[in-house]
Amino acid sequence: MEKIPGTDKIKLTDETLAASENYFSGQPDLIVDATGRLRLLPKLLGIGAREGGRRDTALFAHVDDTHLDYAGHVHTTRLDHGWSWRIPLQGRVSVGMVIGSEHLPKFGATKEERYDNLLKQDSVLMKVAKDAKRITPVMEYTNYQLVSDRMFGENWALVGDTAGFIDPVFSSGLFLGMEGAVLLADAVGKSSERAFKHYEQECRHHLKCWHEIAEYFYDGRLFNSVAVGEKMEMKYPFVRLMSPWYRNHFGKVFTGAASNSNFSIGMLRWVVNYTAKQENPQALKIH
Ligand SMILES: Cc1cc2nc3c(=O)[nH]c(=O)nc-3n(C[C@H](O)[C@H](O)[C@H](O)COP(=O)(O)OP(=O)(O)OC[C@H]3O[C@@H](n4cnc5c(N)ncnc54)[C@H](O)[C@@H]3O)c2cc1C
């Protein structure tokens with residue numbers, strides 16, 4: 001790809017057109033960048049991105065086995081520092097740790113040392129994965145929270161991580177990417193600037209919602225709302241009565257079904273803030 005000088009347009013290089021074996025009859029009308037964290041097109045056009053506030057490192061690999069409280073379920077666990085996922089796969093488990101980058105040096109110099117030592121030394125992981133044998137290399141991602149300053153131009157559009165990514169918690173990434181693709185297809189069908197603006201607005205709104213949801217996870221308000229809610233259920237019949245409705249409703253937020261609904265997010269916001277007034281969520285913060 002290359003920029004057409006003096007315009008906001010891009011085009012495929014002759015080399016790329018040749019490699020496509022004349023698939024296109026000339027230049028395509030629209031180029032969609034779905035290159036993920038690589039952000040090929042934004043780098044080419046010098047498009048900036050707004051970074052999120054977190055400075056985490058994610059280390060992840062597959063191990064042969066771990067303890068699972070519920071077979072087949074994705075497990076999300078608070079660690080001494082940060083949090084961890086365990087995703088059971090066929091004959092193996094994906095184990096990842098998301099940790100403030102400043103905590104990592106004490107676990108070793110390389111990503112492999114850090115990962116293997118965390119499995120053995122973190123007080124939570126050592127209970128569930130002390131004897132786990134790593135069977136893949138370790139992957140490392142850092143500072144991944146960002147939202148692109150622009151998401152479409154005259155003959156291009158961004159979709160998926162290259163448009164924006166918030167956080168691995170609650171696995172919103174693939175969902176946002178897929179939803180973005182459906183919205184973008186709709187804009188392409190309508191083929192007007194208004195439709196592309198709408199696409200960008202929707203993507204930004206949804207990324208903003210997930211940012212807020214992730215914040216409640218990290219600052220302890222989410223766990224606190226569960227703990228306070230359970231106590232209130234014991235005490236007040238009305239809360240007990242309402243509880244299934246809340247659980248069902250919030251389940252839809254965390255699975256994505258209602259994660260961009262103003263009503264659902266507003267309700268979640270109200271609950272986490274109300275319960276934070278009953279008990280200080282500080283102790284449940286992810287450190
Ligand atoms: C630590 C971590 C854990 C995560 N865990 C989860 C999870 O459990 N569940 C979940 O839903 N999401 C998770 N995500 C997010 C998820 O991985 C991404 O949101 C999702 O993969 C984004 O999809 P994408 O298609 O935009 O980009 P990608 O999946 O990165 O795909 C981009 C593709 O473009 C290709 N590419 C790049 N440059 C070029 C080029 N020049 N030419 C041709 N091809 C190119 C790449 O090879 C790649 O195949 C996680 C993210 C992180 C950081």
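Note that the numbering runs from 1 along the sequence shown for the chain. Just follow the structure's listing: the first ligand is 1, and inside any ligand the first atom is 1.
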Check: every ligand 1 N/O to protein N/O pair under 3.5 Å:
unit_1: ligand 1; atom_1: 8 (O); unit_2: S171; atom_2: OG; d: 3.2
unit_1: ligand 1; atom_1: 9 (N); unit_2: S171; atom_2: OG; d: 3.2
unit_1: ligand 1; atom_1: 11 (O); unit_2: S171; atom_2: O; d: 3.3
unit_1: ligand 1; atom_1: 11 (O); unit_2: L174; atom_2: N; d: 3.1
unit_1: ligand 1; atom_1: 19 (O); unit_2: D161; atom_2: OD1; d: 2.7
unit_1: ligand 1; atom_1: 19 (O); unit_2: D161; atom_2: OD2; d: 3.4
unit_1: ligand 1; atom_1: 26 (O); unit_2: D161; atom_2: N; d: 2.8

*Stepwise side chain to side chain donor-acceptor pair (under 3.5 Å) test for W83 and T76*: CA-CA 7 Å; W83 62 277; T76 302; over 6 Å; no
_Crowding at CD, E102 (>12 non-hydrogen neighbours, <6.0 Å)_ =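 Yes, enclosed.
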*Parallel, tilted or perpendicular for H75 and H73, by the 30°/60° rule?*
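Ring orientation of H75 relative to H73: perpendicular.
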*Given the side-chain rings of F217 and F223, with only the six-membered ring counted for Trp, is the space between their centroids under 6.0 Å?*
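Ring centres of F223 and F217 closer than 6.0 Å.
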*Between T13 and E2: side-chain donor-acceptor atoms closer than 3.5 Å*: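 Their side chains do not contain a donor-acceptor pair, so the 3.5 Å distance test is not met.
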*Which other residues belong to the hydrophobic cluster containing L17, where Ile, Leu, Val, Met, Phe, Trp and Tyr are joined when side-chain heavy atoms lie under 4.5 Å apart, directly or via other members?*
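Traced through the cluster, L17 reaches M1, I10, L12, Y23, F24, I31, L38, L40, L41, L44, L45, I47, W156, L158.
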